[in-house]
Amino acid sequence: MKAASWNVNSLRVRLPHLLKWLHTAQPDLLGLQETKIVDEQFPAAEIEAAGYRVIHAGQKTWNGVAILSKMDGTDIVTGLPGLDDPQRRVLGATYGDIRFLNLYVPNGQQVGSEKYSYKLDWLEKLLAYIKTQLEQYPRLIVVGDFNIAPEDRDVHDPALWEGGILCSDPERAAFQQLLASGLADTFRLFDQEEGVFSWWDYRAAAFRRNIGARIDHILASPALCEVCSYSTVDKDPRSWERPSDHAPVISVFDGIGFA
DNA sequence: ATGGTGGATGCTCCA
């Protein structure tokens, strides 16, 4: 079973990239973030024609999350308990005996800002929710754009980024609490090359110079980590014409019946 | 060089 996550930064613009990538990568479960489209305009027909079921929680202009899958999902949730939030950032569903949560964590803009406070509050609510989900579902996968680079090795220039947004201690502490709750960062279950990132700023030729950060993650519960055999970032779509600023991330779980 | 690019929107915000 191949799980994936991709911040597409406008599904309207990126639909051709998505369809091309689906064709070759063939993920079984894919969380999309920043669809930036209302449900009524969601390109469901094109995605279904590519062999995928799809659920979407969208809004005008900003945010928006979708899950593409090769089987039907049940017990669909949107939003976090205890957070009455019009921003569409959470979508969860159950596929067989896999619970799959797709997140678009707030960016936070700048340390100390109002948006930063919202991000930290959001992460606190998320942690509480993850704990209850872990009790309920032994096989839990949490994917998304976390807007957190967990460690110094997850950014191009740790000194330059130190204490800044995506890297600040409270953000990293929140991420560590997710790991302490029982989830693992599947990318770090394996030896990886240095300088692997999932997001590169559009500006200053950042992708060409590999000035980026690893902020998109696939977390999994212990039962799934045991059967996780591979995890990577697929940089290829970031090199295509008119790309998203994020690349898809992928993790493979062996022996999971799907579709 | 306190910039740069890109997306959605509508005379600017967000990432």
Side-chain angles (χ1 to χ4, degrees), chain A residues 5-21 31-44 46-47 56-66 83 85-91 102-123 126 143-150 154-168 170-172 174-175 197-217 233 235-249:
Chain A
S5 176
W6 192 7
N7 180 324
V8 291
N9 186 17
S10 169
L11 189 56
R12 206 188 304 272
V13 172
R14 228 65 67 192
L15 183 61
H17 282 200
L18 174 65
L19 295 174
K20 179 179 173 182
W21 190 74
L32 300 179
Q33 304 87 36
E34 286 205 272
T35 58
K36 295 184 172 179
I37 197 167
V38 294
D39 294 341
E40 293 72 28
Q41 292 175 19
F42 190 88
E46 289 91 333
I47 289 168
H56 181 235
Q59 67 180 89
K60 194 181 173 192
T61 311
W62 310 118
N63 308 311
V65 280
L83 197 69
D85 191 351
Q87 301 188 33
R88 302 290 78 185
R89 297 179 174 277
V90 176
L91 188 58
N102 177 31
L103 310 174
Y104 176 46
V105 177
N107 172 280
Q109 198 166 55
Q110 194 176 343
V111 174
S113 68
E114 236 174 78
K115 290 193 171 71
Y116 183 72
S117 300
Y118 166 67
K119 180 179 194 175
L120 294 182
D121 180 57
W122 198 96
L123 286 166
L126 172 67
V143 311
D145 177 358
F146 283 73
N147 271 311
I148 301 172
D154 296 313
V155 296
H156 166 258
D157 187 341
L160 185 68
W161 289 60
E162 189 183 2
I165 200 68
L166 314 181
C167 300
S168 72
E171 291 167 85
R172 284 182 169 175
F175 192 83
F197 308 126
S198 65
W199 166 80
W200 302 259
D201 199 295
Y202 282 120
R203 296 165 287 190
F207 181 66
R208 182 177 57 74
R209 299 155 67 198
N210 199 32
I211 294 173
R214 194 176 68 89
I215 59 176
D216 300 271
H217 307 297
V233 179
K235 282 176 72 171
D236 194 39
R238 186 62 177 81
S239 71
W240 297 347
E241 193 180 344
R242 206 179 179 193
S244 167
D245 45 351
H246 294 251
V249 296

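Below, read A as the first sequence line, B as the second, and so on, with proteins coming before strands; counting in each chain starts at 1.
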For [N] and [M], measure between their [atom1] atoms and round to the nearest Å.
N      : M     : atom1 : value
B/dT9  : B/dT5 : P     : 22 Å
B/dT12 : B/dA1 : C1'   : 23 Å
B/dG10 : B/dG6 : P     : 22 Å
B/dA8  : B/dG3 : P     : 25 Å

Partners of [X] by side-chain contact (heavy atoms from CB on, under 4.5 Å), sequence neighbours excluded?
X        : answer
A/Pro243 : A/His17, A/Arg238
A/Pro16  : none
A/Glu162 : none
A/His56  : A/Thr35, A/Ile37, A/Asp39, A/Phe42, A/Ala66

Mind checking what makes salt bridge (Lys or Arg N to Asp or Glu O under 4.0 Å) contact with [X], not counting sequence neighbours?
X        : result
A/Arg12  : none
A/Asp236 : none
A/Asp154 : A/Arg188, A/Arg214

Item to complete: Take nucleotides 1-9 of chain B nucleotide by nucleotide from the 5' end and write B, S or -, depending on whether a protein heavy atom sits under 4.0 Å from the base, only from the sugar-phosphate, or from neither.
Response: ---BBSBSS
Worksheet item: Hey, can you pull the residues of residues 103-110 of chain A with a non-hydrogen atom under 4.0 angstrom from DNA chain B?
Response: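 The answer is A/Tyr104, A/Asn107.
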Practice prompt. Check each residue of residues 112-120 of chain A for a non-hydrogen atom within less than 4.0 Å of any atom in DNA chain B, then write out the ones that pass by number, or none.
Written response: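 Of all residues in residues 112-120 of chain A, the ones placing a heavy atom under 4.0 Å from DNA chain B are A/Lys115.
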Practice prompt. Please determine which of A/Gln33, A/His246, A/Lys36 meets the side-chain hydrogen bond (donor to acceptor under 3.5 Å, both in side chains) test together with A/Asn9.
Written response: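 Passing option: A/Lys36.
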Fill in: Non-hydrogen atoms of A/Leu15 and A/Ile47 that approach each other most closely
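For A/Leu15 and A/Ile47, the tightest heavy-atom pair comes out as CD1-CG1, 4.2 Å.
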When the distance from [atom1] of [X] to [atom2] of [N] is rounded to whole Å, what number comes out?
X        : N      : atom1 : atom2 : answer
A/Gln87  : B/dC13 : CD    : P     : 17 Å
A/Trp199 : B/dC14 : CH2   : P     : 17 Å
A/Asn147 : B/dA15 : CG    : C1'   : 8 Å

Item to complete: List in chain and number order the residues that pass ring-ring contact (aromatic ring centres under 6.0 Å, His included) with A/Trp161, two or more places apart in sequence or in another chain; answer none if no residue qualifies.
Response: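 With sequence neighbours excluded, A/Trp161 shows a ring-ring contact (aromatic ring centres under 6.0 Å, His included) to no residue whatsoever.
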Practice prompt. Mind checking ring-ring contact (aromatic ring centres under 6.0 Å, His included) for A/Phe146 and listing every partner two or more places apart, or none if nothing turns up?
Written response: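 For A/Phe146, the residues satisfying ring-ring contact (aromatic ring centres under 6.0 Å, His included) (neighbours in sequence not counted) are A/Phe175, A/His217.
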